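All ligand and atom numbering here is 1-based and tracks the order in the structure. All values below were derived from every heavy atom in this structure, side-chain atoms included, with hydrogens, water molecules and symmetry-related copies excluded. All values derive from a computational prediction rather than experimental measurement. The residues of the chain are indexed from 1 along the displayed sequence.
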Amino acid sequence: MSPLDQITLREIRLPLREPFRISSGSVSERRITLLELRDADGVVAWSEGVAPEEPNYREEAIDTAWTAISQWVVPRVLGRAFAHPRDVYAVLEQDFRGNFMAKAAVEMGMWVLEAMRQGVPLATLLGGTRSAIATGISLGIQSSPEALVDKASAAVAQGYRKVKIKIAPGQDVAYVRAVREALGPDAPLMADANNAYTLADAGLLAQLDDLDLMMIEQPLAWDDIVQHASLQRQLRTPLCLDESITSVDSARNMVTLDAGRIINIKPGRVGGFASSLAIHDYCVSAGVPVWCGGMLESGIGRACNVALASLAGFTKPGDLSPSSRYWAQDIVSPEWTMTADGMVPVPLDRPGLGVTVNVDRIDDLTVRRVVLR
Ligand code: OSB
Ligand code: MG
């Protein structure tokens, strides 16, 4: 790789078409970090940071990630020669704890840059083998079971191959049961609690066993593995860990303790692509299915997720809804679309992200911008 000359860091504001509510908070307008990387030969690549508005998912939020990116991550990569983007993450891990979302924003950009240099699709550079990804929808908490049933029915009619229902205490068993009864026994359903329960709720969560869910995602604490193992022993339904998995080490801990049987890999949560590939490869060897989650990304982050999800071990549908589910207008063209049978095509005919970044529109949406060089 040619040394990195410059990174432009921006924040854009992008209103969601409808508010998205999970157990730990709600968002109606995304504050999204975008990075534009430029190497010494003038090759340009875009990437996206996934840190949310508030520290209500893991400990990072956009403002902490902004500081980490500009003060600690970017100085470690600017001007430095890397043989391959897979070598970047080790440099970011050296005596630098946590801050996975901040690290990922830059690390993933380095992979996109290399894909642009080589003129290959990002999916190909990552080792992807699939040309279309089975897609699921993630439905935020609704005001009533009836409202949720309407959304879930519409999603199945649109072709989605999985319906993920966000749950919280008081909006759980009755809500999921209503969807199961409306959509029938074969509908692929799952629930995601985002940390809303404790082990004291094991009895309540066991009621979900009768509803034949594909999995229950992150019912307990965002940084826990041990208590999930105790819960898994009390449930038939497989647990899937999201927040708790940040590295191949935590994935191994999950498997060792049988704290979960499926992993939701979000490259933005685990420090980027090298870490995602390590988790993926380990899970394939351990027989653990993985799938690609989402963080309400714009079309830039979505391109990264779609590319990663093209790897062979991603055997369950990803949270990779098309652009129109989130935005009146995305910041890339073409926008991300889904076929009538719930597949998102991987753009294998174009290098890098596989979509054109709409820089004029990004300029209009930008609320702050800093050039690091
Ligand atoms: O837990 O998977 C999650 C969105 C924001 C924060 C956490 C999560 C989510 C989603 C949305 O489920 C998935 C998507 O991007 O469609
Ligand atoms: Mg989740």
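Residue contacts with ligand 1 for Ile137 are absent, since no atom lies close enough (heavy atoms, distance under 4.0 Å). Neither the backbone nor the side chain of Gln218 comes within contact range of ligand 1; no heavy atom lies under 4.0 Å. With a 4.0 Å heavy-atom cut-off, ligand 1 is reached by no atom of Arg325. Of all the heavy atoms of Glu243, none lies under 4.0 Å from any atom of ligand 1, so neither backbone nor side chain is involved. Residue contacts with ligand 1 for Asn194 involve side-chain atoms from C-beta outward but no N, CA, C or O (heavy atoms, distance under 4.0 Å).
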Exercise. Could you walk me through whether Asp242 and Tyr57 pass the side chain to side chain donor-acceptor pair (under 3.5 Å) check?
Worked result: CA-CA 10 Å; Asp242 172 356; Tyr57 166 75; 2.5 Å; yes
Exercise. Stepwise, does the side chain to side chain donor-acceptor pair (under 3.5 Å) test hold for Lys166 with Asn194?
Worked result: CA-CA 8 Å; Lys166 292 288 187 179; Asn194 291 105; 2.7 Å; yes
For this session: Would you please test Arg161 and Asp341 for salt bridge (Lys or Arg N to Asp or Glu O under 4.0 Å) and show each step?
Result: CA-CA 8 Å; Arg161 301 217 172 189; Asp341 61 348; 3.7 Å; yes
Problem set entry | side chain to side chain donor-acceptor pair (under 3.5 Å) assessment of Ser247 paired with Ser250 | CA-CA 5 Å; Ser247 65; Ser250 46; 3.3 Å; yes
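Distances between N or O atoms of Asn264 and those of ligand 1 include no value under 3.5 Å. For ligand 1, none of its N or O atoms has an N or O atom of Tyr57 under 3.5 Å away. Below 3.5 Å of separation, one finds an N or O of Lys164 facing an N or O of ligand 1. Considering both main-chain and side-chain atoms, Leu296 comes within under 3.5 Å of ligand 1 through a nitrogen or oxygen pair.
The number of heavy-atom neighbours closer than 6.0 Å to CD of Glu54, taken from other residues, nucleotides and ligands shown, is 12 or below. Counted within 6.0 Å of CZ on Arg252, heavy atoms from surrounding residues, nucleotides or ligands total more than 12; the atom is thus considered enclosed.
Between the side chains of Trp111 and Glu107, at least one donor-acceptor pair of N or O atoms lies under 3.5 Å. A donor atom on one side chain and an acceptor atom on the other are found under 3.5 Å apart for Glu217 and Asn264.
Looking at Arg30, Lys266, Met295, Arg302, it is Lys266 that brings a heavy atom closest to atom 3 (C) of ligand 1.
With a cut-off of 2.8 Å, the Mg ion (ligand 2) has no N, O or S atom of Glu243 in range.
Figure legend: Lys162 and Trp291 shown as a cation-pi pair, the cationic atom lying under 6.0 angstrom from the six-membered ring centre and within 45 degrees of its axis.
If you run side chain to side chain contact (heavy atoms under 4.5 Å, CB included) between Cys240 and each of Arg261, Met254, Met215, His228, only Met215 comes through. The only option from Glu11, Glu53, Glu48 that meets the salt bridge (charged side-chain N to carboxylate O under 4.0 Å, His left out) definition with Arg31 turns out to be Glu11.
With respect to atom 4 (C) of ligand 1, the closest heavy atom belonging to the protein is Phe20 CE2, 3.6 Å. In terms of protein heavy-atom proximity, atom 9 (C) of ligand 1 is closest to Gly294 O, 3.6 Å. The closest protein non-hydrogen atom to atom 14 (C) of ligand 1 is Tyr326 OH, 3.4 Å.
For ligand 1, the atoms lying closer than 4.0 Å to a non-hydrogen atom of Asp242 are 1 (O), 2 (O), 3 (C). Those atoms of ligand 1 that come under 4.0 Å of a heavy atom in Ser138, given as number and element, are 10 (C), 11 (C), 12 (O), 13 (C).
The atom of Asp242 that is an N, O or S and sits closest to the Mg ion (ligand 2) is OD2.
Taking the Mg ion (ligand 2) as the corner point, the angle from Asp192 atom OD2 to Glu217 atom OE2 is about 90° (rounded to 10 degrees).
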